[in-house]
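Structure first, commentary second.
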Amino acid sequence: MGQKRDFVDRPKRGPGRKTKKQGLPELPKQLKTEETKKKLGSRSRKRLVKRLRKQTELEQKKLIKKKQVAAAEDESDDENEEGDISSHSDSEDMEVTDGYTDDNKQWLKLSKKSFKKQGTHKQDDVSEDEDDSVEEEMEGGSSSDDDDDEMEDDFIGSDDDETNDDDDLLPVEKAAKKLQKKQKRDEHLAEAELQTNIAASEIYHLPSGQEITKEYILLQLAIFKGMTLSRKEYVNQLLKDMCLYYSYNNYLMMKLLDLFPQEIIEFLEANEAQRPITIRTNTLKTRRRDLAQALINRGVNLDPIGKWSKVGLVIYDSQVPIGATPEYLAGHYMLQGGSSFLPVMALAPQDNERILDMAAAPGGKTTYIGQLMHNTGMLFANDANKDRAKAIISNLHRMGITNCVVSNYDGRTYPKILIGFDRVLLDAPCSGTGVISKDPGVKTNKDEKDILRCSHLQKELILAAIDCCDANSKTGGYIVFSTCSVMVEENEWVIDYALKKRNVKLVPTGLDFGREGFMNFKEYRFHPSMKLTRRFYPHTHNLDGFFVAKLKKFSNRIPGQDKDKEDATEADAHLQETIGKNKKEDTDDSDNEEEKNKTMDVDSATSDGDDKNDDDDEEEEEDDDQEKEFGTGEDAVNRRRIPEFRGISVAVREKKNLKRKFKEQDEDNVSKKQKIVKSMTRSRHDAKISVKRNTTPRSSKKASNETPEASQSLKAFKTAQSVQSSSKTAKTAQHVKGIPKMPKTSQSVKVAPTPVSGSRKNDAQKRNTKKTVEKKKAPKTFTKKRKS
Amino acid sequence: MRPLTDEETVAVFEKLSKYIGENIRLLIDRPDGIYCFRLNNERVYYCSEELMKRAANISRDNLVNLGTCFGKFTKTRKFRLHITALDFLAPYAKGFGVTAKSTTDCRRVDPMTIVCFHQADIGEYVRNEETLT
């Protein structure tokens, strides 16, 4: 198909290999001699001669001086015996120089440089100085700068007593003196500098801008004493600087800093770099090895993506556009980020299953699911955006997936259309804070509102996804939730919400790398099983920032709705006074409860407590639940504060309670047979209860305390009932279902069952206590119903 | 989504028979289940019956794709095959063919020559993504 290269027409390039000229042979290093090192020029030779002459002169002079000094010392010897003890032990020279100056010391220190070069030891002291003087000469261009030296001496050297000796001194000595002075000056300066440095560092100011980025000062702030500002101010400064440098908005940077207190710079830097291009082999049409070979032949440089994937390839560079090769068009591979493999791998689709991809566009994950299912079973892909849904179709056809239906619904409405899926993948729309390298716009245009809006949408979607899934599926019942965001609000928070709202539990994702999800983060406290979720970061895994959580649905019941349904049916049942039906329901309930207990989540651990505290605990938990249901946004707070809602909810709840009481009374009156049947089952519980009743006197107390109130409301209800027809009440019951749940007031909770007179009282109490026993194990969302 | 009418069936099968002849039967009587043709938004889809039954829950407007799209009916009620049908036609294809000069030959022809030859190509997956189904 492709054209073949024409080798005939190509002209020769360059002069050819054999025409190259060889350079001169070089001696190997070990054979080179020292002599070849350096040859002196004529001028330098002259200078050498001069230097030697000077040297001899200097030596002579030294000798003369020594004699003079020795004579002087003899006189002063008696005066300072102590100081000379050490010097006496030393050689004669030292003694001599002692009274003279420290000059020599300075020289000695300095002249270490070029000792070896000069070779002879004698010359050392002087030669160094001369070297310097020579250098100076070079700079000045001639030896006339001796005058300059004198000039300088006049200016600076006023503190020394040697100014009068200047005339006697040789130029060498002058130079030496000059050098010495210079050194002193330097020393002074250095000292001054040092002091200023100390002063500056005592009040430590954080450097601004890039310098700071490499140091994690804020983590070990205690090291820096005498900080003038508080830690908060430094953090703010850091935040501002990073915002400026990496051009993020303040909110996002703050969030990221919370997420990555230590590795923030790594994360930000990783966001500046592009992730490598990765492709996924379509195993329906080819194998990875074949594909790799085909692409290598086209001049693509690639490698397997890693141990964790058998279908991924990383493209390093390519001579052809990767998205337009014949292999691509034939559907042999898909351009897809490495992180996009993860949710599908976590989903682990099996053959002949029904799988839903709720937010599918552009179909990368969908096609991966399709290929894992080997084109068997059914695959439903959905996307809310019709234009993006087109992209799914194109990809599906190209990849040869034939078992797929593409729909265009809002994901939140999907449970109304189709349910009963074995597995559901929800790659939820998100703020995209994990893929900043792909879309740098996120840096600036995401603020708190956007994050919370995403989070809210995700919560709705995940509930829909869970509702679509079938818990009774033989092979599945799994939901995988993933986002390309690193925000806790869009990840753990959403999962935590789902755990509370539906009968699901977290299960291991099956991905052996990645970081564990947060169990607590700042003000949030999540379910302990949250560590089963996985987080992926650009700086640690070289993948896009990603979050993957796998949920298993263990019951098809929806906690909140079921309860309302039961209430409604109970109300009907009461009005029609169909007691037999009640009995059925009761047994149903108990069945369900048992089922509940079997498939209990870890929630039970939290609600498990002493019998005494049971009631209170549960009240609190319920309140919490409802708080979470509304979220913590401002709207939710406002809604909660509206008194009308609260009033309605209280009234409604009272009514329900009363209805329940009626039902119980009726039961007691009529269904003695039931009791006999139930007593068989209860006998086991009764033993426990008899023990526990001693520890729980509260329930009976409560009942006696609140009877007047209850009887009042009972009256009110009776009057209301007389007005309403039966059909109407049924309607209100339905209406009740529609009203959003409001946080429970203590009043409504306290309404206790009416005490039953005589021997029945015992029975009623028994039932109450029995229910509290059951309550203990049941998840908290179900407690409201069993309160009475 | 609805089954094809008689005229539509005739149009589709006539077109298909040009490419795969008698093998059309094999498209419908498959060993792995019953497969059927369905029409939605003037496009003809080919899918298994089970999938079709499930997809019946999705309303006409919201159903974007079902199984494999074979082609579409034009406004003049002619049937056009899409490149997406290639996977199903290729295994049963008759020994039909068209001869043409290769692309390299076309490059060397007289500058005034008009070359026009196009049936379908896999590049359509990318180029005609919008109108593919």
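Protein chains get the first letters and strands the later ones, always in sequence-line order, with residue 1 at the start of each.
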Compare all side-chain heavy atoms of [X] with those of [Y] and state whether any distance is below 4.5 angstrom.
X         : Y         : result
Asn65(B)  : Val405(A) : no
Phe88(B)  : Thr402(A) : yes
Arg354(A) : Arg54(B)  : yes

Are there more than 12 heavy atoms of other residues, nucleotides or ligands under 6.0 Å from atom [atom1] of [X]?
X         : atom1 : answer
Asn297(A) : CG    : yes
Glu50(B)  : CD    : no
Arg25(B)  : CZ    : no
Arg2(B)   : CZ    : yes
Arg289(A) : CZ    : no
Ile419(A) : CD1   : no

Quick check for you: to the nearest 0.5 Å, what is the distance between [X] atom [atom1] and [Y] atom [atom2]?
X         : Y         : atom1 : atom2 : result
Cys47(B)  : Asn403(A) : SG    : CG    : 10.5 Å
Asn382(A) : Ile58(B)  : CG    : CD1   : 8.0 Å
Asn62(B)  : Ser407(A) : CG    : OG    : 7.5 Å
Leu418(A) : Asn57(B)  : CG    : CG    : 4.5 Å

Problem set entry | Which of Thr68(B), Leu51(B), Asp32(B) touches chain A most, by non-hydrogen pairs under 4.5 Å | Leu51(B)
For this session: Keeping the roles fixed (side chain from His397(A), backbone from Cys69(B)), state whether a donor-acceptor pair exists under 3.5 Å.
Result: yes
Problem set entry | Residue Ile392(A) versus chain B: region with a heavy atom under 4.5 Å | neither
Problem set entry | Proximal component of Ala324(A), with respect to chain B [non-hydrogen, under 4.5 Å] | neither
Problem set entry | Close approach to chain A in residues 33-42 of chain B, criterion heavy atom under 4.5 Å | none
Exercise. At a heavy-atom separation under 4.5 Å, does Ser48(B) approach chain A through its side chain, its backbone, both, or neither?
Worked result: neither
Exercise. Is Lys285(A) paired with Asp87(B) through a side-chain N to carboxylate O contact shorter than 4.0 Å?
Worked result: yes
